[in-house]
Peer 1: 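Mind looking over this structure? Questions follow.
We count residues from 1, following the sequence as given. Indexing begins at 1, ligand by ligand and atom by atom, following the structure's order. Keep in mind that the numbers below use all heavy atoms, side chains included, and drop hydrogens, waters and symmetry copies.
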Amino acid sequence: MKFEIKDTFNKELDADPINENYIRQVHNACFSYVNPTPCSNPTLIHYSTDIMDAIGLNVEDVQTDEFLQIFAGNKIYPSTRPYAMCYGGHQFGHWAGQLGDGRAINLFEVHHKGQRWALQLKGAGLTPYSRNADGYAVLRSSIREYLCSEAMFHLGVPTTRALSLVLSGDEVLRDIMYNGNSAYEAGAIVCRVAPSFIRFGNFQILTSRKEFALLTSLTDYTIHHFYNHLGTPSKEVYIAFIREVANRTIEMVIDWERVGFVHGVMNTDNMSILGLTIDYGPYGWLEDYNPNWTPNTTDARDARYRFGNQANIAIWNVYQLANALYPIIEKAEPLETIINGLKENYEKKHYSMMLQKLGLLEDGTFDKNALLDFEHLLYKSQMDMTIFFRSLSCFDGIDVDLHLDLLPSFSYALDFTKFKNDWATWLQSYGQIIQKQNNSCRKSQMNAVNPKYVLRNYMAQIAIDAADKRDFSVIDELYNLLKKPYDEQPEMEKWFAKRPEWANQKIGCAMLSCSS
Ligand code: AMP
Ligand code: MG
């Protein structure tokens, strides 16, 4: 197994001079060297063939013991030096100080076919940033991260990826719902892959400590490697950098809205500087269309990170990033202009995206008020988002009754008859618009933006329940299904289904916490 190693982060930025692995505040450094903690009896559960190809490996490489040992954290690849990054963040709106890679350890950067990939183990033991936790991850949350990050990529949503899912052979103690019921669970390690894992919080921690020289180095590093098209770093380029990060972040949220994804913990330490979806924890997928929904029980009271609030939070987070970079820009006005423009920018994109989901052309016939009314109708009639939009492409615009008859089976409402008239009226007027617009590509265009399959929480839970009994076949089935989320895959129709009754109140399906 041979990688083309091209490390940059730990070569070009300042390291913590202390090499011992104990928990501490790390000043004047972007990272600390730390090796993964070996695990006792690793097993490779699954790997992504896409990422295997992307980093220049073949199937024979993946099947070696060397691969297993490296991606279980038991062996260090020659001439590399693993490290954990230092970052801070705002958690649930409050500055939390130093956080950092408490259970992520970056192995190395690989260069392949003109692309750089950073490889990072999640759940491979303590680091200087582990605070009061153990540095490990449990199997259930690792399956969720592994499957979802790959699924998101195939949905066309910017995301970190995953190379491998390894069962560590060791047990980890967790109190899933934080209610005093701790239990041992199987430990696991995911190898995550992305061009970079830098977060908003990597910049914030430096500013909070007035480490401005390092802040400049980190910003210049990020621009040089990932925003090179912006040119040689200068104050103007820093402003352009924030503008582009802001736009990418909004685009990412629009994609989340399109597919019904709720991240669950949009703290600034979970915001990628590349605009990638990062840190899959208590995320969820909207089933009944409820903009107030969040899967994260830790956030149940305020629902700060609810589906319909993700754009507001993204803007708030970009504002925090702008604050972090202000000391090296020293001009408030251009930053204010960027922030102030984001809401409008978002609203335009949201409107266009929703029109695409509806298969409508932007000719003004279906205006913003019509969209609001429609979203409200989806909400109050508890329509399953994925099934509703996917099926709408089959409506011909003429046979209202035929489509109306299907709707009760897409809804979670106990008594759908209450909404029948509203939907009949809506289908009638929508039907008239599509007849008038007469877009012959409507169906295929709709099916390219409305997935047939997403990783509903109950689906991940079925894979987890099987894996707990050492049956990993559902992981493989879902991995393959979600590689083609826009294809019909008639043999997989059983996954094109509303959330089953049993999942309504089950932990892991309706309820998730940050415990992972
Ligand atoms: P999260 O909310 O999962 O994004 O995590 C917030 C912070 O807690 C990050 O600094 C994580 O590295 C850290 N963290 C979460 N779980 C663990 C764990 N089991 N061990 C060590 N650090 C953790
Ligand atoms: Mg995190």
Peer 1: Using only atom types and a distance under 3.5 Å, with no angle test, would you say the side chain of Asn309 pairs donor to acceptor with the backbone of Arg304?
Peer 2: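 Here the side-chain-to-backbone pair exists.
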
Peer 1: May I ask you to decide if Tyr238's main-chain N or O and Tyr227's side chain share a donor-acceptor pair within less than 3.5 Å?
Peer 2: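 Answer holds: no.
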
Peer 1: Measure the distance from atom 7 (C) of ligand 1 to every protein heavy atom, then report the residue, atom name and distance (to 0.1 Å) of the closest one.
Peer 2: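 Among all protein heavy atoms, the one nearest atom 7 (C) of ligand 1 is Arg131 NH2, 3.1 Å.
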
Peer 1: Once rounded to the nearest 0.5 Å, what's the spacing between atom CG of Leu165 and atom SG of Cys191?
Peer 2: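 Rounded to the nearest 0.5 Å, the CG-SG separation comes out at 11.0 Å.
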
Peer 1: Using a 4.0 Å cutoff against the non-hydrogen atoms of Asp279, which atoms of ligand 1 qualify?
Peer 2: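 Reading through ligand 1 atom by atom, the close ones are 4 (O).
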
Peer 1: How many angstroms lie between CZ in Arg161 and CD in Glu150, if you round to the nearest 0.5 Å?
Peer 2: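 Interatomic distance, Arg161 CZ to Glu150 CD, rounded to 0.5 Å: 4.0 Å.
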
Peer 1: Can Lys349 and Glu251 be counted as an ion pair, charged N to O under 4.0 angstrom?
Peer 2: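 Result for this pair is yes, salt bridge flagged.
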
Peer 1: Check Asp134 with Arg174, please: is the shortest side-chain N to carboxylate O separation under 4.0 Å?
Peer 2: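 A salt bridge is present here (some side-chain N lies under 4.0 Å from a carboxylate O).
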
Peer 1: Using the ring of each side chain (for Trp, its six-membered ring), is Trp495 parallel, tilted or perpendicular to Tyr458, with breaks at 30° and 60°?
Peer 2: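 Ring orientation, 0 to 90° scale: tilted.
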
Peer 1: For Asn340 and Glu336, indicate whether the former's side chain and the latter's backbone hold a donor-acceptor pair under 3.5 Å.
Peer 2: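 Flag set: sc Asn340 to bb Glu336 pair under 3.5 Å.
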
Peer 1: Is it the side chain, the backbone, both or neither of Leu126 that has a heavy atom closer than 4.0 Å to ligand 1?
Peer 2: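 Within the 4.0 Å criterion, Leu126 makes no contact with ligand 1.
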
Peer 1: Heavy atom of Gly281 under 4.0 Å from ligand 1?
Peer 2: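 Contact check Gly281 vs ligand 1: negative.
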
Peer 1: Please determine if Arg103 has a nitrogen or oxygen closer than 3.5 Å to a nitrogen or oxygen of ligand 1.
Peer 2: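 Such a contact does occur with ligand 1.
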
Peer 1: Write out the residue and atom name of the closest protein heavy atom to atom 21 (C) of ligand 1, then the distance separating them to 0.1 Å.
Peer 2: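 Checking every protein heavy atom, the shortest distance to atom 21 (C) of ligand 1 gives Gly102 O, 3.1 Å.
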
Peer 1: Please classify the Arg174 to ligand 1 contact at 4.0 Å (heavy-atom distances, strictly less than): side chain, backbone, both or neither.
Peer 2: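 For Arg174, the contact with ligand 1 is made by the side chain alone.
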
Peer 1: Classify the angle between the aromatic ring planes of Tyr47 and Phe67 as parallel (below 30°), tilted (30 to 60°) or perpendicular (above 60°).
Peer 2: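 Geometry flag for Phe67 against Tyr47: perpendicular rings.
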
Peer 1: Who's the nearest protein heavy-atom neighbour of atom 20 (N) of ligand 1, and how far?
Peer 2: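 Heavy-atom neighbour on the protein nearest atom 20 (N) of ligand 1: Gly135 N, 2.7 Å.
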
Peer 1: Excluding sequence neighbours, so at least two apart, what forms side-chain contact (heavy atoms from CB on, under 4.5 Å) with His225?
Peer 2: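 Checked His225 against side-chain contact (heavy atoms from CB on, under 4.5 Å); matches are Thr8, Glu12, Arg116, Tyr221.
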
Peer 1: Which of the numbered atoms in ligand 1 are below 4.0 angstrom from a heavy atom of Asp134?
Peer 2: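 Listed by number with element: 18 (C), 19 (N), 20 (N).
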
Peer 1: Any heavy atom of Tyr129 sitting closer than 4.0 Å to ligand 1?
Peer 2: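 Flag not set, Tyr129 not near ligand 1.
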
Peer 1: Under 2.8 Å from the Mg ion (ligand 2), which protein atoms of type N, O or S occur, listed by chain and number?
Peer 2: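 Per the 2.8 Å query on the Mg ion (ligand 2), atoms found are Asn270 OD1, Asp279 OD2.
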
Peer 1: Determine whether a donor-acceptor pair (N or O, by modelled atom type, separation under 3.5 Å) exists between the side chain of Asp175 and the backbone of Gly180.
Peer 2: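 Yes, because the side chain of Asp175 sits within donor-acceptor range (under 3.5 Å) of the backbone of Gly180.
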
Peer 1: Applying a heavy-atom cut-off of 4.0 Å, say which part of Leu99 lies close to ligand 1: side chain, backbone, both or neither.
Peer 2: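 Near ligand 1, Leu99 shows its backbone as well as its side chain.
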
Peer 1: To the nearest 0.5 Å, what is the distance between CG (Asn323) and OG1 (Thr207)?
Peer 2: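 These two atoms lie 9.0 Å from each other.
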
Peer 1: Quick test: of every protein heavy atom, which one is nearest to atom 11 (C) of ligand 1, and how far off is it to 0.1 Å?
Peer 2: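 Of every protein heavy atom, Gly100 O, 3.9 Å lies nearest to atom 11 (C) of ligand 1.
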
Peer 1: May I ask you to check if ligand 1 and Tyr136 share an N or O to N or O distance below 3.5 Å?
Peer 2: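 So ligand 1 has an N or O lying under 3.5 Å from an N or O of Tyr136.
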
Peer 1: List every atom of ligand 1 that sits less than 4.0 Å from any heavy atom of Asn270, numbering the atoms from 1 in the order shown and giving each element.
Peer 2: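 Checking each atom against Asn270, I get 4 (O).
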
Peer 1: Measure the distance from atom 5 (O) of ligand 1 to every protein heavy atom, then report the residue, atom name and distance (to 0.1 Å) of the closest one.
Peer 2: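 Going atom by atom, the protein heavy atom closest to atom 5 (O) of ligand 1 ends up being Asp269 OD2, 4.6 Å.
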
Peer 1: Around atom 18 (C) of ligand 1, find the nearest protein heavy atom and jot down its residue, atom name and distance.
Peer 2: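 Of every protein heavy atom, Ala133 CB, 3.4 Å lies nearest to atom 18 (C) of ligand 1.
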
Peer 1: Among Phe3, Phe9, Tyr83, Trp117, whose ring-ring contact (aromatic ring centres under 6.0 Å, His included) with Phe108 holds?
Peer 2: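 Per the ring-ring contact (aromatic ring centres under 6.0 Å, His included) rule, the option paired with Phe108 is Phe3, out of Phe3, Phe9, Tyr83, Trp117.
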
Peer 1: First locate atom CZ of Phe261, then atom CD of Gln310, and finally report the distance between them rounded to the nearest 0.5 Å.
Peer 2: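 One finds 7.5 Å between CZ of Phe261 and CD of Gln310.
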
